[in-house]
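Working notes, structure below.
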Amino acid sequence: MTKETGRPERDPEAVSRFVEHFAAQLVVAGLPRMPARVFAALLASDTGVRTSAELGEQLKISPAAVSGAVRYLAQQHMVSREREPGSRRERYRVHGDQWYEALTNREAVIRRWEEALREGVTSLGRDTPAGRRLAETLAFFEFAEKEIESMMERWRAHREEHFGRE
């Protein structure tokens, strides 16, 4: 325990290993490398908040790399930007509901895909092989959208039960 925070001390090397390992798993899942590293570093911080300088120092990356990573993560609704109180410096925050936000953002993308697929089915004809393939893809996305909605309702109840309200 440290006197200043009252929290257990952490081994910086162990934290670094976790950040890099989790980031590698995110990269395998399709997230670009720098955004994955920045996201993992934010997740691993107690406050969930870091400035660009702190992230750069921790990850040994340039301010430009931090900026690009944060821009990508913000577009994906995985982090938010905020001003440091009394300063012009920005800091970046990961929220407890970042997975919900990221998935909800994907839902909007899926709806746009559905719209495009409907147009494709109409253009190609439902009775053609390509039209049937598009219709099946559309049916999958419609099914997934309903399942995600139902799953998120169950998740909110589960989260509140186990972690309380944020």
Side-chain angles (χ1 to χ4, degrees), residues 1-116 141 144-166:
M1 294 272 190
T2 65
K3 289 181 188 178
E4 299 84 33
T5 66
R7 294 183 199 133
E9 286 191 47
R10 293 202 178 108
D11 174 6
E13 289 300 314
V15 172
S16 181
R17 280 191 305 273
F18 163 75
V19 166
E20 296 304 328
H21 178 75
F22 188 62
Q25 299 310 308
L26 294 171
V27 168
V28 168
L31 202 64
R33 185 171 182 270
M34 275 309 152
R37 292 182 72 214
V38 167
F39 185 72
L42 287 167
L43 273 181
S45 72
D46 282 335
T47 61
V49 176
R50 289 280 189 260
T51 64
S52 179
E54 290 168 335
L55 287 165
E57 183 179 324
Q58 178 182 353
L59 300 172
K60 297 177 180 32
I61 59 177
S62 71
V66 172
S67 178
V70 169
R71 184 174 39 259
Y72 177 89
L73 292 167
Q75 289 171 344
Q76 302 304 312
H77 302 277
M78 294 174 73
V79 301
S80 60
R81 298 172 189 249
E82 53 190 48
R83 289 272 181 219
E84 212 171 57
S87 170
R88 293 180 57 182
R89 291 192 327 176
E90 281 191 331
R91 58 187 187 179
Y92 311 108
R93 176 182 301 275
V94 66
H95 296 278
D97 63 354
Q98 77 273 355
W99 301 113
Y100 170 79
E101 289 297 324
L103 194 54
T104 300
N105 182 51
R106 292 285 179 244
E107 216 173 317
V109 170
I110 290 171
R111 281 194 294 277
R112 289 194 301 272
W113 290 350
E114 289 172 355
E115 186 178 312
F141 284 126
E145 185 178 12
K146 287 178 185 152
E147 289 299 307
I148 289 169
E149 190 177 303
S150 173
M151 180 184 68
M152 293 315 296
E153 288 173 18
R154 292 190 311 275
W155 164 245
R156 284 189 288 275
H158 177 84
R159 179 179 179 208
E160 188 170 331
E161 179 184 329
H162 293 277
F163 300 100
R165 290 185 178 259
E166 251 189 29

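Positions are given from 1, in the same order as the sequence printed here. No hydrogens, no waters, no symmetry mates; every other heavy atom, side chains included, goes into these values.
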Which heavy atom of [X] sits nearest to which heavy atom of [Y], and what is that distance?
X	Y	result
Ser52	Tyr92	N-CE1, 3.7 Å
Arg50	Thr47	NH1-OG1, 4.3 Å
Leu43	Val94	N-CG1, 3.9 Å

- Message: Tell me whether the count of non-hydrogen atoms from other residues, nucleotides or ligands lying under 6.0 Å of CD in Glu115 goes above 12.
- Response: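 It does not: Glu115 CD has 12 such atoms or fewer within range.
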- So with a 6.0 Å cut-off around NE2 of His21, is the heavy-atom count from everything else above 12?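 Open.
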Distance-only criterion, 3.5 Å: show the donor-acceptor pairs between side-chain atoms of residues 22-41 and protein atoms not counting sequence neighbours.
{"residue": "Arg37", "atom": "NE", "partner": "Glu20", "partner atom": "OE1", "Å": "3.0"}
{"residue": "Arg37", "atom": "NE", "partner": "Glu20", "partner atom": "OE2", "Å": "3.0"}
{"residue": "Arg37", "atom": "NH2", "partner": "Glu20", "partner atom": "OE2", "Å": "2.8"}
{"residue": "Arg37", "atom": "NH2", "partner": "Leu59", "partner atom": "O", "Å": "2.9"}

Between atom [atom1] of [X] and atom [atom2] of [Y], what is the distance when rounded to the nearest 0.5 Å?
X	Y	atom1	atom2	value
Lys146	Glu149	NZ	CD	9.5 Å
Gln58	Ser45	CD	OG	7.5 Å
Arg156	Arg154	CZ	CZ	11.0 Å
Leu42	Leu73	CG	CG	7.5 Å
His158	Phe163	NE2	CZ	6.0 Å

Suppose we screen for side-chain hydrogen bond (donor to acceptor under 3.5 Å, both in side chains). Which residues come up paired with [X], at least two apart in sequence or across chains?
X	value
Arg81	Glu90
Ser16	none
Arg89	Glu84

- Message: Under the salt bridge (charged side-chain N to carboxylate O under 4.0 Å, His left out) definition, can you give me all pairs with a residue in residues 65-80, not counting sequence neighbours?
- Response: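 Qualifying pairs: none.
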- May I ask you to decide if Arg88's main-chain N or O and Arg83's side chain share a donor-acceptor pair within less than 3.5 Å?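 Flag set: sc Arg83 to bb Arg88 pair under 3.5 Å.
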- Message: Counting C-beta onward and ignoring hydrogens, is there a side-chain heavy-atom pair between Val66 and Ile61 closer than 4.5 Å?
- Response: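 Answer yes - side chains close enough.
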- Message: Does anything in residues 53-73 form a ring pair (Phe, Tyr, Trp, His ring centres under 6.0 Å)? List the pairs, not counting sequence neighbours.
- Response: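 Every pair satisfying ring pair (Phe, Tyr, Trp, His ring centres under 6.0 Å) with a residue in residues 53-73: there are none.
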